[in-house]
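Working notes, beginning with the structure itself.
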Amino acid sequence: MSTDEFPTDRPAVVTCGLPYANGDLHIGHLRGYIGADAFNRSLETLGQETAYVCGSDMHGTPVAVNAEQEGVDPADFALDWHRQYEETFPKFNVDFDNYGHTHDETNTELTQEIVRTLDEAGHIYEKEIQVAYDPDADQYLPDRYVVGTCPYCGEKARGDECDEGCQRHLEPGEVENPESTITGNPAEYRQRAHKFFEVSAFTDYLTEFLDGLEGTSNARNQPRQWIEDGLQDWCITRDMDWGIDYPNGADSDGDDLVLYVWVDAPIEYIASTKQYSERVGTDEYDWERVWKDDGDIVHVIGRDIIQHHAIFWPAMLEGAGYNAPRGIAATGFITINGKGLSTSRNRAIWAKEYLDEGFHPDLLRYYLTTTGGLQQDVDFSWEAFQEKVNGELVGTVGNFWYRSLLFAYRNYEGTPEADVSEEVHERIEGAIGETREAVNDYDLRGVGHAATRLAQFGNEYIQGNEPWKLTDEEPERAAQVIRDCVQLAKAVGVLLEPITPDKSQLLWEQIGEDGEVADAHLEDALEAPPRTFDEPGELFEKIEDERVEELTRKLEERVEAAADDEDESDEGETETDDTDADESGDMTDTGDLEPLLEDRIGFEDFQELDIRVGRIESAEGIEGADDLAKLEVDIGFETRQVVAGIKQLHDLDELPGTNCVLLANMEPAELFGVESNGMILAAGEEADLLTTHGDAEIGEKIK
RNA sequence: AGCGGGAUGGGAUAGCCAGGAGAUUCCGGCGGGCUCAUAACCCGCAGACCGGUAGUUCAAAUCUACCUCCCGCUACCA
């Protein structure tokens, strides 16, 4: 890793996060792939030797589970998606030098080799852990093969994360009351030896690594917290068939342990590079130099997988003797009309949908790369899309291209014979400099802006010089001005190519250039265009208002339809989740109330709640906690210590002596290191404390 | 609560990392020009005490400290 500026004299590789092979691509995915593609093209334009590689992520339990539900082989299931992705990317001008998948031979071999190396270097050890096991199906239950209760919040949780409750990541063996998703039977926990990668041993290395890391600041800063909290070693094996086998050798107890999906997934970056290298020859591009020696490695990822790329991955690379990434650009998320993108609610713009609407890919590329920086969350709405396209691409860039070339064609049948003026030459050089700087700052928006502003200058220039008035009186002067404009048009084309490759190519052809604008370098923006060219056409088309209204309406209807399908979606937030509950209610009062639960329970269920009258004996705040208070509550038989979230809402000094209502047979829990043995009942956000108003005795049961 | 990311003219955004004449670009508003061009393009005007407070400095949107509010992740919503 080195930090001299792009272009360097070393080969580079750009990657983007692997698409997971179990669903349709949407605009959120595209942002990453287009961003990485535009960055890679930018590097090429700078003259950097580089490759852009990626592949489909095929393994893991979600694929296995979904495949099983459909009754197909996981490999076939994943391959279907893989092929679909492979077909989709070119349609957005996302031009991978190689696109593989994690289940192919290259990745399998390389993954096993790397794991073996880590093992031999002593970075992997074996540890016995509790793993859920289904006795009927006679198999272990990794990750999403098991559901149960979250040990932290008590909500229903999946084996690998508490998806409905506290969102916590769960390590194997943590879920309580495990149930098998295969048979629905209760699962049992069994002791089981698994492999662990000692991430913790790389703490110092990673700290230093992050200091030198380029890219977006979130990729550099967020991991520091995890390091400070202390890195946990990482369980890298799973009990299942679908995946890459743990390489035998070190220890073979004949088990079918498979590597955790997050081990082989990033290795696909290397494997895919290797495939590219093997295809074009190592003279052309040497993957080993890139990955093992001194190449410049840049990862473009979503900000949700920073941990894997800034902690686990560099630790693996270092441990296995590979080169460290130079930069990690972690992109923000996409929101739709200001709200979070949600595939289940169908609030998304799908890749296929965008294309079916007949929009040119370059428009979306331009929107996604120049609206906000790489790191920022970007909102998408059809209105904003229209504004950007009509204002910048049609009005500024397209119009300048067309008016310049058309004028040149009509009066000179091409580029007039004159030299480019000093002023224009310098202006183009300035834009080239801005572009180079933007690329080195991982600033795609800056790349786009340098080009757009040059087109803007072009419009000012042609307007200010009014060549249409000069053709008769001062023909030489007119030729001079148009010569400048054609040069500017060409320069804008070259500079904008990373973002609008197809449109730039068309421009390139319109001015009579041969070959590919993609092969042009920044300096070519100053090279004279061919003497003659044909009549130009308009390269960007306006999006009409009616079109936008229609698209917006379609989107809204879709979201509503999805909301109706899902009988109930839990979190309401500020949304108008108007299913049926609030039809009657006016916004004044019922608006904020939680909806009534539909499910009724029997008297027996109620009787299981042992609710008692208690009297608060003492109350004190818990150190470091904002809301929690430690209470001693007398419930007749005994005095209970209870933790309650009421510290800020009550004057603690006044609580002692107050009667309260306590759920006595609540499971004990530890909160903030303090044991809580019961639950005080209170209403709402304000924690309005429930109490008695008659002469109920302490300890009396409430029924 | 911790950690990240934000708070800049009506809306959306840049600048801050490498502090220096009261600040970018786009949309919108108002007025004008032009007609080569996709009713496009060009020019001008109105409009911001750069979230708050206190510091550092000759000088701060830009650095420091504290605070408020928003977003995300993580969490103590027992």
Side-chain angles (χ1 to χ4, degrees), chain A residues 152-154 162 165-169 216-226 228-229 303-304 306-307 330 332-333 335 338 340 370-373 375-379 381 383-384 386-388 390-396 398-411 441 443 445-446 448-449 452-453 455-456 458-471 478 481-482 485 536-542 622 624-629 631 642-648 662-663 666-682 684-685 687:
Chain A
Y152 302 99
C153 70
C162 177
C166 63
Q167 304 290 323
R168 244 183 119 115
H169 167 80
T216 54
S217 61
N218 51 358
R220 214 168 20 252
N221 295 334
Q222 283 218 39
R224 296 217 165 97
Q225 182 196 355
W226 297 317
E228 274 175 33
D229 291 348
R303 64 164 205 243
D304 51 336
I306 289 175
Q307 181 174 30
F333 293 149
T335 56
T370 61
T371 309
Q375 183 173 340
Q376 270 65 47
D377 286 355
V378 165
D379 186 53
S381 68
E383 287 92 339
Q386 178 201 32
E387 188 180 302
K388 202 96 172 133
N390 289 359
E392 295 171 31
L393 289 180
V394 179
T396 303
N399 192 240
F400 174 65
W401 277 350
Y402 185 57
R403 74 196 294 199
S404 305
L405 300 192
L406 188 62
F407 198 98
Y409 168 75
R410 282 182 182 162
N411 292 280
D441 284 345
D443 176 17
R445 184 195 166 94
H449 262 58
T452 321
R453 283 172 55 197
Q456 168 83 5
N459 276 320
E460 288 165 24
Y461 186 78
I462 194 169
Q463 185 79 21
N465 288 292
E466 300 185 304
W468 44 90
K469 283 186 180 170
L470 299 172
T471 41
V481 170
I482 293 304
C485 288
E538 296 164 1
L539 291 179
F540 291 104
E541 217 176 280
K542 259 194 154 177
I622 291 175
D626 228 34
D627 295 341
L628 296 184
L631 308 176
V642 176
V643 176
I646 56 171
K647 179 170 152 187
Q648 286 187 328
L662 181 124
L663 178 58
M666 191 77 197
E667 267 181 33
E670 192 177 285
L671 293 164
F672 243 59
V674 179
E675 180 166 325
S676 180
N677 192 8
M679 181 172 163
I680 295 284
L681 302 188
E685 289 290 313

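Every chain is numbered from 1, with letters handed out A, B, ... down the list of sequences.
Counting atom types as modelled, A:Gln463 pairs a side-chain N or O with a base atom of B:C36 as donor and acceptor under 3.5 Å.
Picking from B:C42, B:C36, B:G5 the nucleotide with the shortest atom distance to the side chain of A:Ser217 gives B:G5. Side-chain proximity of A:Met679 to B:U35, B:A78, B:G6: nearest is B:A78. With B:C34, B:C26, B:U25 as the choices, the nucleotide that has an atom nearest any side-chain atom of A:Glu387 turns out to be B:C26. For A:Tyr402, the listed nucleotide lying nearest its side chain is B:U38; candidates were B:C41, B:A14, B:U38.
With its ring centre under 5.5 Å from that of the base six-membered ring and a plane angle below 30°, A:Trp468 counts as stacked on B:C36.
Note on A:Gln307: every side-chain N or O is 4.0 Å or more away from OP1 and OP2 of B:U74.
Remark: P of B:U38 and CH2 of A:Trp401 are 16 Å apart, rounded to the nearest angstrom. Distance CG (A:Asp379) to C1' (B:C71): 13 Å, rounded to an integer number of Å.
Between A:Phe407 and A:Trp468, the angle of the ring planes goes over 60°, which puts this pair in the perpendicular group of the 30/60° scheme.
Residue contacts shown for A:Asn459 are limited to sugar-phosphate atoms, with no base heavy atom under 4.0 Å away. Looking at heavy-atom distances under 4.0 Å, A:Arg410 makes contact with sugar-phosphate atoms alone, never a base. Contacts of A:Glu460 with the nucleic acid, taken as non-hydrogen atoms under 4.0 Å apart, involve only primed sugar atoms and P, OP1 or OP2.
When both pairing distances are held under 3.5 Å, B:G9 makes no Watson-Crick or G-U pair with any nucleotide shown.
Of all heavy-atom pairs spanning A:Gly332 and A:Asp377, the tightest one is CA-OD1, 3.3 Å.
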